[in-house]
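All remarks here apply to the structure that follows.
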Number of protein chains: 2
Amino acid sequence: MKLSIDHKSAVPLHIQAETLLREMIKEPEYQAGKLLPNEVDLAKILAISRTTLRQAINKLVYEELLVRKKRLGTKVAQSKMSSKSMNWLSFTQEMQARGIPIKNYELHVSWVYPDDYIANFFDIKTEKKIMKLERLRGNADEAFVYFVSYFHPRIGLTGDEDFKKPLYEMLENEHSVVANLSKEEISARAADKLIAGKLEIDPGSPVLFRKRFVFDQGDRPMEYNLGYYKAESFIYTVESRRNS
Amino acid sequence: MKLSIDHKSAVPLHIQAETLLREMIKEPEYQAGKLLPNEVDLAKILAISRTTLRQAINKLVYEELLVRKKRLGTKVAQSKMSSKSMNWLSFTQEMQARGIPIKNYELHVSWVYPDDYIANFFDIKTEKKIMKLERLRGNADEAFVYFVSYFHPRIGLTGDEDFKKPLYEMLENEHSVVANLSKEEISARAADKLIAGKLEIDPGSPVLFRKRFVFDQGDRPMEYNLGYYKAESFIYTVESRRNS
DNA sequence: ATCAAAAATATGTACAAACATAAAAATATA
DNA sequence: TATATTTTTATGTTTGTACATATTTTTGAT
C-alpha cells in the first residue's frame with residue numbers, strides 16, 4: 001500500500017487522496033473514533049493543498065465514514081450499514097465458500113443494442129451494440145438462478161473470455177477493471193414465461209429479482225446485472241448498525 | 001420563494017445556493033433532464049464565486065439530484081426515489097419522508113407462547129407468554145405490507161402503548177430501548193392463504209418476505225419481526241462498497 | 001460531399017490566501 | 001475554589017486565479 005501521492009499520475013490528486021484515506025481508516029490504528037491528523041498538517045504531509053484534501057475528505061464525510069467536528073478534528077465514524085456476506089462475493093466464490101459445486105446450465109454471449117434505460121446508465125448511445133451475457137446456474141441438482149449481464153464497452157470484452165471463471169476475478173485480471181461499488185435493488189416478482197422456463201417453475205410463481213448496478217474504481221458504471229432467483233433457494237442477508 | 005442570495009445573512013452562501021438550487025429543480029421548467037445555466041454564468045447571477053456555487057452543486061450531485069456532463073452542462077437527474085437510508089428508518093418514518101400518508105388497516109396485540117425458534121432467539125423459555133403485534137399497513141388506497149412482531153419481555157411492554165406512533169421512537173421514549181443493530185433476511189415467497197387474504201392478492205402470488213432480528217444497545221435481542229410485502233410495491237435497496 | 005483539424009464551451013482540477021467560528025484549554029478574576 | 005475571560009486550535013466559508021480536459025461545433029482540406 002502506498003502512503004504517498006503521485007503528482008505525475010493521471011489520476012486526479014483528490015481521487016488519490018480519497019483512496020488513500022479509505023485505506024488509512026481501515027488500518028487498526030485509525031479504527032473506532034480515532035482522529036485523523038488535522039487538515040493543514042495532512043495536506044502538508046501529502047504535499048497537496050488543503051482545498052484538494054478537503055475535497056477528498058468531503059466525499060468520505062458524505063458517505064458517513066468520517067465525521068467532522070469543529071476544533072476537535074475529523075474522526076473515523078462508527079462502521080455502519082455494513083451489508084455483510086453476499087455482497088462482495090461473486091456467485092461462484094460464494095457457492096465455493098459453501099462447498100457447493102456450481103453447474104452452468106446455460107452460458108450465452110450476444111451483442112445487442114442497449115435500450116434507453118441501459119444506455120442511460122452506461123452513458124452511451126443506443127446505436128452501438130454492447131455485450132450481453134446470459135447465464136443459467138445452479139448446483140448439481142437444479143438451476144436456481146438466471147443472470148443477465150450487460151457490460152460497458154469501455155471494458156473491451158471480446159466475448160471470447162472464459163465466463164466459467166469467477167467473473168469479477170476475470171475482469172480484474174484480464175481487463176484491469178475492478179468492481180468497487182454496487183447498488184442493488186431487491187424485489188419479489190412473478191416469473192414470466194421465459195424465466196419460468198429457465199428455472200423450471202410455473203409461470204406466475206415467485207422469484208427474487210435483483211437489479212445490480214456495478215461501478216469500477218472511478219465510480220464509473222461497468223456492469224448492469226439482472227438476477228432471477230428461484231424462491232426459497234436464495235436469501236439475501238443484510239446487517240446494519242445504527243450510526244448516531 | 002426568494003431567487004437571490006443574501007450576502008448579509010448568517011446562513012453560509014453555499015447553503016443558500018444549495019436550497020435555492022433545490023427549489024429551482026422543483027420548478028416545472030427545470031424538470032426532467034433540463035440543463036441548469038452554466039456555472040460561470042450562474043455564479044455571476046447569484047453574485048457568488050464559482051467555487052462556492054460548485055460546493056452547492058456538488059452536494060446535489062452526491063445526492064444524485066443533478067448530473068454533470070463535461071461540455072454539456074449540469075442537468076437535472078431523473079428522480080429515483082432511492083431510499084438510501086432505508087435501513088434505519090422505520091416504516092412510518094420512511095413513508096412520511098416520501099410524503100405518503102400511512103393507513104393502519106389492522107392493528108392487533110396478543111400474548112402468545114413463543115415457538116422454539118423465537119424462544120431461542122430471545123433466549124427465553126417457551127412457557128412464558130410474550131407480546132405479539134400484528135399490523136396491516138399501507139397507503140390510502142391499499143394495504144401493501146403485513147407485519148408480525150414479537151418483543152422481548154425485558155422491554156416491559158403492556159400492550160396499551162400507542163402503536164400508531166413510530167414504533168422505535170415509542171420504544172425509545174417510553175421504554176428506553178434503542179434499536180442498535182438489525183440483521184435482515186430477504187427472500188421471495190408465495191403468499192399463503194392468510195397473507196393473501198390480508199394483502200388481497202391470490203394465494204401463491206409473490207410477496208417479498210423479510211425477517212428482521214433487532215438488537216438493542218447492548219446487542220441483546222429485542223424484536224423479531226416478519227414483514228410480508230406485496231410484490232412490486234416494495235423495493236429493497238442496498239449500496240455497498242468493497243472494503244478489501 | 002466527406003473527413004480531418006481547429007475553435008469554442010462547458011465542467012474538472014488545483015492552488016493560495018484570508019477570515020469566520022465553534023469548542024476546548026489556559027488564564028485571569030471574583 | 002469557582003467562575004468569567006482570553007487564547008488557541010481545529011474546521012468552516014469564500015474568493016480569485018489558472019490551466020486541464022472532454023465534447024460539440026465550426027472550419028478547412030482533400
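- At a threshold of 4.5 Å between non-hydrogen side-chain atoms, the residues Glu223(B) and Val177(B) do not count as touching.
- For Asn58(B) and dT11(C), the CG to P distance is 12 Å, given to the nearest whole Å.
- In this structure, Phe121(A) and Phe213(A) have perpendicular ring planes: the angle between them is above 60°, well past the 30° mark.
- Toward the 5′ end of DNA chain C lies the nearest nucleotide of His14(A), the other residue of the pair Arg50(A) and His14(A) mapping further downstream.
- In terms of position along DNA chain D, the nucleotide closest to Leu13(B) lies nearer the 5' end than the nucleotide closest to the other residue of the pair Asp123(A) and Leu13(B).
- Ion pairing of Arg22(A) with Glu18(A) is present here, as a side-chain N (NZ or NE/NH1/NH2) and a carboxylate O approach within less than 4.0 Å.
- Listed by chain and residue number, nothing satisfies the ring pair (Phe, Tyr, Trp, His ring centres under 6.0 Å) test with Tyr113(A) (two or more places apart in sequence, or in another chain).
- Between Leu35(A) atom CG and dT11(D) atom C1' the separation is 12 Å, expressed in whole Å.
- Considering only side-chain atoms of Thr52(A), the nucleotide from dT15(D), dT11(D), dA14(C) that sits closest is dA14(C).
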>> What verdict does the salt bridge (charged side-chain N to carboxylate O under 4.0 Å, His left out) test give for Lys198(A) and Glu134(A), after you've listed the backbone C-alpha separation in whole Å, the side-chain angles of each residue and the deciding distance to 0.1 Å?
In response: CA-CA 11 Å; Lys198(A) 301 275 184 198; Glu134(A) 291 162 278; 5.3 Å; no

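- Per the geometry, CZ belonging to Arg68(A) stands 16 Å off P belonging to dA23(C), to the nearest Å.
- Although no hydrogens or angles enter the test, the distance criterion places a donor-acceptor pair under 3.5 Å between the side chain of Gln16(A) and the main chain of Asp6(A).
- OP1 and OP2 of dT11(C) both lie 4.0 Å or more from every side-chain N or O belonging to Arg54(B).
- Distance CD (Glu18(B)) to P (dT13(D)): 11 Å, rounded to an integer number of Å.
- For the pair Lys8(B) NZ and dA20(C) P, the computed distance is 17 Å after rounding to whole Å.
- Rounding to whole angstrom units, CD1 of residue Ile57(A) and P of dT13(D) are separated by 14 Å.
- Atom C1' of nucleotide dA14(C) and atom CD of Gln16(A) are separated by 13 Å, given to the nearest angstrom.
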N/O-N/O pairs, protein side and nucleotides 3-10 of chain D side, under 3.5 Å:
unit_1  : atom_1 : unit_2   : atom_2 : d
dT8(D)  : O2     : Arg71(A) : NH1    : 3.4
dT9(D)  : O4'    : Arg71(A) : NH1    : 3.2
dA10(D) : O4'    : Arg71(A) : O      : 3.4

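- Rounded to whole angstrom, the span from the NZ atom of Lys44(B) across to the C1' atom of dT17(D) amounts to 14 Å.
- The aromatic rings of Tyr224(A) and Tyr150(A) lie parallel to each other, with less than 30° between the two planes, well short of the 60° mark.
- The nucleotide whose nearest atom lies closest to any side-chain atom of Ser49(A) is, among dT11(C), dT11(D), dA14(C), dA14(C).
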